[in-house]
J.: 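The structure follows.
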Amino acid sequence: MKDFEVGDILPAREAIAMLNEVDLAPPIEIPAIPVEADEANISDAERAWLHKEIKRLKKERNALVLAHNYMPKDVQDAADVIGDSLYLAKVGTESNADVLVEAAVLFMNQILAITKKPHQKVLAPDLGALCSLAATADVEKIRAWKREHPDGVVISYVNTYVEVKAESDYCCASANAAKVLLHVLEHEKGKPILFLPDVYLGYYAAKLVEKQGVSLDLLWLMMGACHVHDAIRPHHVEEQRKLHPGAAAVIHPECGCTSACMRQVSEGGVAEEMMQFRSTQGMVKFAAESKADTIIVATEVGNLYPLSRAVPDKKFVPASREAVCAFMKQNTLRNLYLSLRDMKHEVTVDPELAAKALRPIKRMLDIV
Ligand code: 13P
Ligand code: SF4
């Protein structure tokens with residue numbers, strides 16, 4: 001097998017051939033999860049007080065609190081808006097609130113810091129909320145690929161920092177990855193495409209490219225993965241399908257089981273309506289529309305809370321209970337309160353990089 005490092009850029013065919021054999025270990029340390037991220041470790045009295053104070057401060061500061069679907073329950077309960085990365089970017093960008101407090105991970109805060117209006121401040125409850133997938137994308141490797149492919153088109157997934165977005169032509173989120181790719185295939189015909197940094201989402205992109213009758217030779221992928229989703233393997237989904245006969249499965253395309261599960265569907269092993277690939281929020285629509293009473297959910301376990309709130313008559317089981325993102329869980333009810341009280345931690349981006357990153361971000365927001 002060819003040697004490579006996490007973050008290397010390879011022709012799609014080579015990257016896909018190695019998918020299930022490679023170790024995509026994260027290039028950054030995974031932090032410990034604060035004890036209060038578990039709602040059982042906060043007393044009812046403290047919780048009630050924090051909720052009351054957060055409500056008061058939101059009004060006083062004219063603040064909007066946005067929370068990603070993976071947030072601890074307490075944080076979701078305090079939020080005005082809950083959703084996937086694309087939805088939070090859209091609502092945050094459209095908001096006129098003076099303060100945008102986003103309980104998520106830094107790359108999502110950065111999007112709001114790039115698109116914000118001059119009077120707005122963007123706050124993050126904790127600056128340690130990073131992302132193992134975003135950490136894999138190396139700007140120098142992207143620049144080298146662009147030098148070798150002067151007519152190339154770079155599509156970067158939303159899980160990237162501003163430096164990478166500034167080198168990109170398009171951004172996409174899991175909710176609109178297929179649409180953005182189809183747009184590029186139609187409007188940038190015949191050009192080489194680099195899709196980064198997630199190799200499983202890259203596999204999903206490759207299947208789409210092939211379906212459109214475009215040569216896979218045009219597609220390049222980065223060997224990156226999210227450590228939480230990479231660990232959700234085909235056997236996890238299979239075990240849950242055996243334990244819950246008749247259950248449908250909904251899978252985030254960042255999962256380590258994506259390629260095997262997509263193959264199962266395309267080869268007819270599982271009916272299409274019983275196994276689908278969706279963003280965290282797209283899973284809600286799937287669950288509401290599915291005929292199955294039980295849904296196996298292959299993503300970070302935090303997403304089970306919004307799912308069961310939105311579709312209370314269905315049973316949701318995680319493909320893996322160990323799928324916990326310690327980065328997302330750095331946000332807690334306590335530091336959300338402190339963020340509003342002390343107006344911290346303000347997220348800012350270099351204006352030159354922000355100006356370059358704005359175009360691909362706008363394209364992501366427009367192609368829906
Ligand atoms: P969504 O856009 O589906 O919310 O995914 C973001 C993310 O970080 C998944 O791990
Ligand atoms: Fe990043 Fe994975 Fe956490 Fe999502 S779940 S924020 S991709 S580390």
Side-chain angles (χ1 to χ4, degrees), residues 6 24-31 33 37 66-72 75-76 79 81-92 102-111 124 126-137 156-161 164 171-180 196-202 204 222 224-232 250-258 276-287 297-307 318-320 322-331 361 364-365 368:
V6 170
L24 294 165
I28 51 168
E29 224 175 279
I30 313 300
I33 298 179
L66 306 105
H68 187 265
N69 286 320
Y70 297 162
M71 281 303 109
V75 175
Q76 295 200 31
V81 186
I82 303 158
D84 63 12
S85 55
L86 185 61
Y87 184 69
L88 296 183
K90 267 193 161 308
V91 177
E102 190 176 28
V105 281
L106 187 63
F107 69 82
M108 296 191 202
N109 305 130
Q110 284 187 342
I111 292 178
D126 192 294
L127 291 176
L130 302 174
C131 169
S132 58
L133 176 56
T136 58
S156 66
Y157 188 41
V158 66
N159 295 43
T160 45
Y161 295 116
V164 170
C171 282
C172 71
S174 53
N176 68 348
K179 284 194 179 132
V180 171
L196 67 99
D198 190 286
V199 71
Y200 297 110
L201 206 80
Y204 176 84
M222 185 175 271
C226 149
H227 72 290
V228 180
H229 287 86
D230 184 27
I232 305 178
V250 65
I251 294 160
H252 197 283
E254 281 175 25
C255 284
C257 62
T258 297
Q276 297 242 329
F277 304 84
R278 300 285 175 100
S279 73
T280 53
Q281 199 155 324
M283 289 182 178
V284 172
K285 193 165 180 273
F286 172 77
V297 181
T299 191
E300 211 268 356
V301 291
N303 205 37
L304 269 77
Y305 184 50
L307 277 168
S320 163
E322 278 154 33
V324 179
C325 177
F327 296 111
M328 288 275 188
K329 271 30 174 197
Q330 297 304 304
N331 298 279
I361 290 174
M364 171 180 82
L365 295 172
V368 283

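Counting convention: from 1, in listed order, for ligands and their atoms alike. From a predicted model like this one, the values you see are computed outputs, not experimental measurements. For the numbers below, each heavy atom of this structure counts, side chains included, while hydrogens, waters and symmetry mates do not. Each residue takes its place number in the sequence, starting with 1.
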J.: If you measure from CE on Met283 to CG on Asn303, what distance do you get to the nearest 0.5 Å?
T.: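 Going from the CE atom of Met283 to the CG atom of Asn303 covers 6.0 Å.
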J.: Of the backbone atoms (N, CA, C, O) and the side-chain heavy atoms from C-beta on, which set of Val158 has a member under 4.0 Å from an atom of ligand 1: side chain, backbone, both, or neither?
T.: neither
J.: For ligand 1, is Arg278 a contact, meaning one of its heavy atoms is under 4.0 Å away?
T.: no
J.: Are Ile111 and Ile361 packed together at the side-chain level, in the sense that at least one heavy-atom pair is separated by less than 4.5 angstrom?
T.: yes
J.: Quick one: how many protein N/O/S atoms are under 2.8 Å away from atom 1 (Fe) of ligand 2?
T.: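 Step by step: take atom 1 (Fe) of ligand 2, keep protein N, O, S below 2.8 Å, and you get 1.
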J.: Can you tell me if Glu254 has a non-hydrogen atom under 4.0 Å from ligand 1?
T.: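 Checking ligand 1 against Glu254, which is what was asked, there is a heavy-atom contact under 4.0 Å.
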J.: Within the 4.0 Å heavy-atom shell around His229, which atoms of ligand 2 are there?
T.: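 Once the distances to His229 are compared, the set is 5 (S).
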J.: Side chains of Cys131 and Leu106: closer than 4.5 Å at any heavy-atom pair?
T.: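 Contact flag for Cys131/Leu106 side chains = no.
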J.: If you measure only the distance, is there a donor-acceptor pair under 3.5 Å linking the side chains of Thr299 and His252?
T.: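 Side-chain D/A pair, Thr299 to His252: absent.
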J.: Which ligand 1 atoms does Tyr70 reach within 4.0 Å, using its non-hydrogen atoms?
T.: 9 (C), 10 (O)
J.: Return yes when Glu300 approaches ligand 2 closer than 4.0 angstrom through a heavy atom, no otherwise.
T.: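 The answer is no, since Glu300 has no heavy atom less than 4.0 Å from ligand 2.
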J.: If you round to the nearest 0.5 Å, how far is CE of Met108 from CG of Leu86?
T.: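 Rounded to the nearest 0.5 Å, the CG-CE separation comes to 10.5 Å.
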J.: Nearest 0.5 Å, what's the CG-CG distance between Leu88 and Leu66?
T.: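 Here the rounded value is 5.5 Å.
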J.: How far is atom 8 (O) of ligand 1 from its nearest protein heavy atom, and which residue and atom name does that atom have?
T.: Asn159 ND2, 3.1 Å
J.: Angle between ring planes, His229 versus Tyr70, binned at 30° and 60°: parallel, tilted or perpendicular?
T.: tilted
J.: List every atom of ligand 1 that sits less than 4.0 Å from any heavy atom of Ser279, numbering the atoms from 1 in the order shown and giving each element.
T.: 3 (O)
J.: Of all the non-hydrogen atoms in the protein, which one sits nearest to atom 5 (O) of ligand 1, and at what distance?
T.: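 Result for atom 5 (O) of ligand 1: His252 NE2, 3.4 Å.
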J.: If I take atom CZ from residue Phe107 and atom CZ from residue Phe327, how far apart are they, to the nearest 0.5 angstrom?
T.: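 Between atom CZ of Phe107 and atom CZ of Phe327 there are 11.5 Å.
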J.: Check ligand 1 against Ser85 and write out every atom of the ligand that is under 4.0 Å from a heavy-atom position of the residue.
T.: 1 (P), 2 (O), 4 (O)
J.: Check each heavy atom of His229 against ligand 1 and say whether those closer than 4.0 Å belong to the side chain, the backbone, both or neither.
T.: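 Side chain only; the backbone of His229 stays clear of ligand 1.
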J.: Please check if any side-chain donor atom of Ser174 sits under 3.5 Å from a side-chain acceptor atom of Tyr204, or the reverse.
T.: no
J.: Within a radius of less than 6.0 Å around CZ of Phe286, do more than 12 heavy atoms belonging to other residues, nucleotides or ligands occur?
T.: yes
J.: Going by the atom numbers of ligand 1, which of them fall below 4.0 Å from some non-hydrogen atom of His68?
T.: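 Within the 4.0 Å cut-off of His68, ligand 1 contributes 1 (P), 4 (O), 6 (C).
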J.: Closest heavy-atom contact between Ala129 and Asn331?
T.: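 The pair with the smallest heavy-atom distance is CB-ND2, 4.0 Å.
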J.: I'd like to know if Asn69 contacts ligand 1, where contact means a heavy-atom distance under 4.0 Å to any ligand atom.
T.: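 Heavy atoms of Asn69 never come under 4.0 Å of ligand 1.
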J.: When rounded to the nearest 0.5 angstrom, what distance separates OH in Tyr200 from CD1 in Ile251?
T.: 13.0 Å
J.: Provide, to 0.1 Å, the distance between atom 3 (O) of ligand 1 and the closest protein heavy atom, together with that atom's residue and name.
T.: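 Result: Ser174 OG, 2.7 Å.
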J.: Stepwise, does the side-chain contact (heavy atoms from CB on, under 4.5 Å) test hold for Ile82 with Asn69?
T.: CA-CA 6 Å; Ile82 303 158; Asn69 286 320; 3.5 Å; yes
